[in-house]
Amino acid sequence: MQKECGFPAPYVDTLLDLQLPDDKRKLEDGEVVSLCPEFLNAGTHATYAALQWIMGNLVKYPHIQARVFEEISGAMGERRDEVKEEDLQKLPYLKAVILEGLRRHPPAHFGMPHGVSQDVALGGHAIPQNASIYFMEAEIGWNSNLWEDPMEFKPKRFLNGDGVEAFDVTGSKEIKMMPFGAGRRICPGYGLGILYLEFFVAENVNLNNELHLEGAIDGDDDDLSEKTVLALMPVLMKNPLKAHLAPRVIDEAEAD
Ligand code: HEM
């Protein structure tokens with residue numbers, strides 16, 4: 001939808017204009033009110049959780065952070081301004097880091113509850129109508145039959161010789177991880193979520209900053225342990241990331 005001013009219509013306007021095809025009616029005020037926070041919360045909470053985990057891993061593994069930095073510096077050349085959308089196309093290793101972050105630390109471990117409209121038998125299990133069904137989304141990405149060393153943070157597993165492997169995060173061909181769910185109710189913001197993460201991580205590393213995690217001890221897995229949360233909440237760090245940004249020392253002679 002395009003408004004007369006040329007900008008896309010705000011989300012609320014699209015809801016006010018919406019005509020439900022089956023019920024042949026518009027949304028009621030209460031429905032509009034409940035859809036707005038769902039959209040805002042779903043879009044922000046999962047994204048910041050994913051960002052926290054990815055940044056934590058960049059701090060914990062400085063060689064991965066250094067490779068991201070090198071890749072960004074190479075793509076931007078002499079420029080010292082912000083990372084632009086076209087720069088992201090030249091950053092396959094960054095994309096691999098984001099995918100590995102979503103595989104190893106999917107913000108929603110169980111996704112949203114799903115159900116079946118009638119009793120069914122699936123894989124030898126009886127699934128009753130109206131039962132709430134959760135998918136063990138994190139466990140799928142940690143399956144050692146699908147991934148080598150699944151609990152290790154290894155972005156290069158998503159790279160082939162030419163750059164990032166064409167990985168289908170929607171699981172339409174095969175499901176090896178499902179950080180955004182799968183099927184008809186897959187997260188509608190998955191493309192935007194990945195784009196946000198690429199921008200945020202690239203900008204943080206590009207600002208010529210070195211990231212430090214407060215209290216981090218090299219190789220201590222406890223630093224990246226998970227906080228236990230309710231099924232529908234994003235999984236965050238038990239010891240929240242407190243990043244310190246310090247100027248990266250650039251050897252000007254080398255830079256010249
Ligand atoms: C890294 C970022 C994100 C992750 C990991 C994520 C993950 C998920 C997951 C697992 C679901 C449940 C899917 C299911 O039913 O099985 C979901 C639903 C949803 N997400 Fe995201 N999401 C992210 C970003 C976003 C963004 C940026 C938006 C919007 C701007 C968004 C909007 C939504 C909405 C509206 C739903 C509910 C869809 C429905 O009820 O059918 N998400 N997301």
Side-chain angles (χ1 to χ4, degrees), residues 1 7-15 18 20-22 27 30-58 85 88 91 94-117 122 127 130-143 153 155 158 164 167-172 174-204 226-227 229-237 241:
M1 183 189 288
F7 291 108
Y11 181 60
V12 177
D13 284 10
T14 65
L15 295 179
L18 193 68
L20 296 178
D22 290 344
L27 290 175
E31 291 171 318
V32 173
V33 169
S34 68
L35 280 167
C36 288
E38 183 200 56
F39 183 73
L40 291 172
N41 291 338
T44 51
H45 290 187
T47 310
Y48 86 63
L51 182 64
Q52 189 190 43
W53 286 111
I54 293 166
M55 298 301 262
N57 278 286
L58 289 185
E85 200 165 345
L88 297 178
L91 304 174
L94 172 72
K95 197 175 276 288
V97 167
I98 305 297
L99 287 171
E100 178 67 342
L102 290 168
R103 180 198 68 80
R104 179 62 187 84
H105 304 281
H109 277 209
F110 306 102
M112 297 243 197
H114 288 254
V116 287
S117 52
L122 188 67
I127 303 182
N130 295 332
S132 290
I133 301 158
Y134 292 87
F135 291 89
M136 305 292 279
E137 295 186 0
E139 301 286 335
I140 293 172
W142 301 341
N143 187 331
F153 191 83
F158 286 97
V164 76
F167 187 81
D168 175 22
V169 82
T170 67
S172 59
E174 59 167 354
I175 294 181
K176 290 178 74 181
M177 63 192 238
M178 45 187 288
F180 298 101
R184 278 190 303 171
R185 295 298 288 271
I186 191 172
C187 169
Y190 75 87
L192 191 58
I194 290 180
L195 190 66
Y196 278 156
L197 291 173
E198 289 178 359
F199 264 126
F200 287 143
V201 175
E203 267 305 291
N204 277 310
E226 293 171 350
K227 186 174 165 184
V229 290
L230 297 171
L232 291 176
M233 299 303 286
V235 176
L236 297 169
M237 285 182 187
L241 177 64

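Order of appearance sets the numbers: ligands from 1, and atoms from 1 within every ligand. Numbers for residues simply follow the sequence, beginning at 1.
Within ligand 1, counting atoms from 1 as listed, the ones closer than 4.0 Å to a heavy atom of Ala46 are 3 (C), 4 (C), 6 (C), 22 (N), 23 (C).
Between Phe158 and Phe167, the ring planes are perpendicular. Angles over 60° get that label, and only those under 30° would be called parallel.
In this structure, the side chain of Asn143 does not engage the main chain of Glu139 through any donor-acceptor pair within 3.5 Å. For the pair Asp13 (side chain) and Ala9 (backbone), a donor-acceptor distance under 3.5 Å is absent.
Ring pair His109/Trp142: centre-to-centre distance below 6.0 Å.
In Pro179, the part holding a heavy atom less than 4.0 Å from any atom of ligand 1 is the backbone. Under 4.0 angstrom from ligand 1, there are no non-hydrogen atoms of Thr44. Within the 4.0 Å heavy-atom criterion, neither part of Met178 lies near ligand 1.
The side-chain heavy atoms of Phe110 and Phe135, taken from C-beta on, include no pair separated by under 4.5 Å.
The distance criterion of under 3.5 Å between nitrogen or oxygen atoms is met by Arg185 with respect to ligand 1. Taking only nitrogen or oxygen atoms, main chain and side chain alike, Tyr196 does not reach within less than 3.5 Å of ligand 1.
No more than 12 heavy atoms of other residues, nucleotides or ligands shown are found within 6.0 angstrom of CG on Leu122.
Considering only non-hydrogen protein atoms, atom 17 (C) of ligand 1 sits nearest to Cys187 CB, 3.5 Å. Atom 28 (C) of ligand 1 has as its closest protein heavy atom Gly43 CA, 3.3 Å. Considering only non-hydrogen protein atoms, atom 33 (C) of ligand 1 sits nearest to Ala42 CB, 3.4 Å. From the protein, the heavy atom lying nearest to atom 6 (C) of ligand 1 is Phe180 CD2, 3.6 Å.
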